[in-house]
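First comes the structure, then the notes that go with it.
Counting convention: from 1, in listed order, for ligands and their atoms alike. These values consider heavy atoms only, across backbone and side chains, with no hydrogens, waters or symmetry-generated copies.
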Amino acid sequence: MSYVQKLKCLLCGTEYKPKEIKYTCPQCGDEGILEIIYDYSKIKKIFTKEILKMKSEYSMWRYLPLLPVDDITKIGPSKVGWTPLYEVKRIREDLGMSNIWIKDDGRNPTASLKDRPSAIAVVKALELGEKMVTCASTGNAASSLAGASASVGLKSYIFVPQTAPSAKMVQLLVFGSVVFAVRGTYDQAFVLSIKASREFGWYNRNTAFNPYMVEGKKTVALEIIEQMDFQVPDYIFVPVGDGGIISGVAKAYKDMFSLGFIDHLPKLVAVQAEGCPPIVEAVNGDGLVRFVEPKTIADSIAVGIPRNRVMAVRDIKESKGFGMAVSDQEILEAIKYLGSKQGIFAEPAGSTAFAGMVKALKEGKISRKEKVVVLVTGNGLKDVESAKKAGGEVLVIDPNLKAVKEAMK
Ligand SMILES: *Cc1c(COP(=O)(O)O)cnc(C)c1O
Ligand SMILES: [Zn+2]
């Protein structure tokens, strides 16, 4: 059995027992997102820094006592997590920052951070005896759920906007999903997948609607804490769509704080595209999230109605962080910079947090001396069309040395 004590509604505060509820608060409806609360006094007895250091499991399951898993035999075979946290020496030199780290979560089985929550979704589905799963996604939640489902023999039914990058679509098909390419936005696909889930009885992994996804997303930061040897950075820059990853990062630090592994919390910076900044505007303004019509190249964060908005805005404000909006041009420049300076290949949403960090530095919102961690959340091969815009042109030549010499001029 897991150490989950209760599920608490973010809107009305009602608490539920773990087995009592599958998705959202019955009193508040689909907007009544639930937060997972653990019994830290019990976890403390079996999970110490010393025990952690001795563990030979190098994946997200390293932090099992802090995860909502009741039956460990239901964990899938794919290796998710324990991705590298790079010291990025060349970027440090170039920017004159001595304390910046980049976590490359594009190095997961289906090439995005979403493998973490999807691994949890599959465990929860199998624990409930489900045979079929579904989600709506801008692309990465979908491809990760499709891959994780295939690895354990679950059938997946996926809703994505018709405009999702083709590499993400191809992943779905190869993993054997039934793919519904919706003529509409992610926000519309989200509503449709919940309707289909109710109609056909499919287990639903949708961000925030499924209360366990933040628990998977938090493992990225549980790893960062350990990889930094329990030093806490001043700032963590996170790309934000629905707001699940940033709440996951907040949860990881709060978990580790509750266990006494760290003594304070970092400030969280939400980075969004200028063409879709509802969370950034809320945290920098009056705290209210106003829906927008998304217009950005960063498809993974093109979310007009952020589903985890209440938790995300709370977490960013509590951390004393702020929001940054960056242009598509800045996102493309960040792709090229991460690739050419450090050999890290990011998709547009994957480079967005770095673009936000560079901008915050330019605008004096952070200083060069501060300890900063930046998340890269998805691999560049996920969206080759955007990468082409960032990368520049090849030199087409005849097969002789003279042609090489001429082209080099
Ligand atoms: C999903 C995703 C995000 C945003 O995560 P949210 O939990 O929706 O805020 C950022 N980058 C990539 C690559 C993603 O797939
Ligand atoms: Zn409620």
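- Closer than 4.0 angstrom to ligand 1 lie heavy atoms from Lys114, Asn140, Lys217, Pro239, Val240, Gly241, Asp242, Gly243, Gly244, Ile245, Ser300, Ile301, Glu347, Ala349, Thr377, Gly378.
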Query raised in the report: Are Lys295 and Asp328 close enough, and set up right, to give a salt bridge (Lys or Arg N to Asp or Glu O under 4.0 Å), and what steps lead you there?
Result: CA-CA 9 Å; Lys295 278 186 203 68; Asp328 281 3; over 6 Å; no
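- Under a 4.0 Å N-O distance rule, the pair Glu35/Arg314 qualifies as a salt bridge.
- Cation-pi geometry between Arg307 and Phe190 is met: under 6.0 angstrom from the ring centre, within 45 degrees of the axis.
- Rounded to 10°, the angle formed at the Zn ion (ligand 2) by Cys25 SG and Cys28 SG is 110°.
- If you look at Tyr3 and Tyr38, their ring centroids are not closer than 6.0 Å.
- Counting only residues at least two apart or in different chains, side-chain hydrogen bond (donor to acceptor under 3.5 Å, both in side chains) contacts with residues 281-291 comprise Asp286-Arg290.
- For the pair Gln5/Lys42, no side-chain contact is recorded, criterion being any heavy-atom separation below 4.5 Å from C-beta on.
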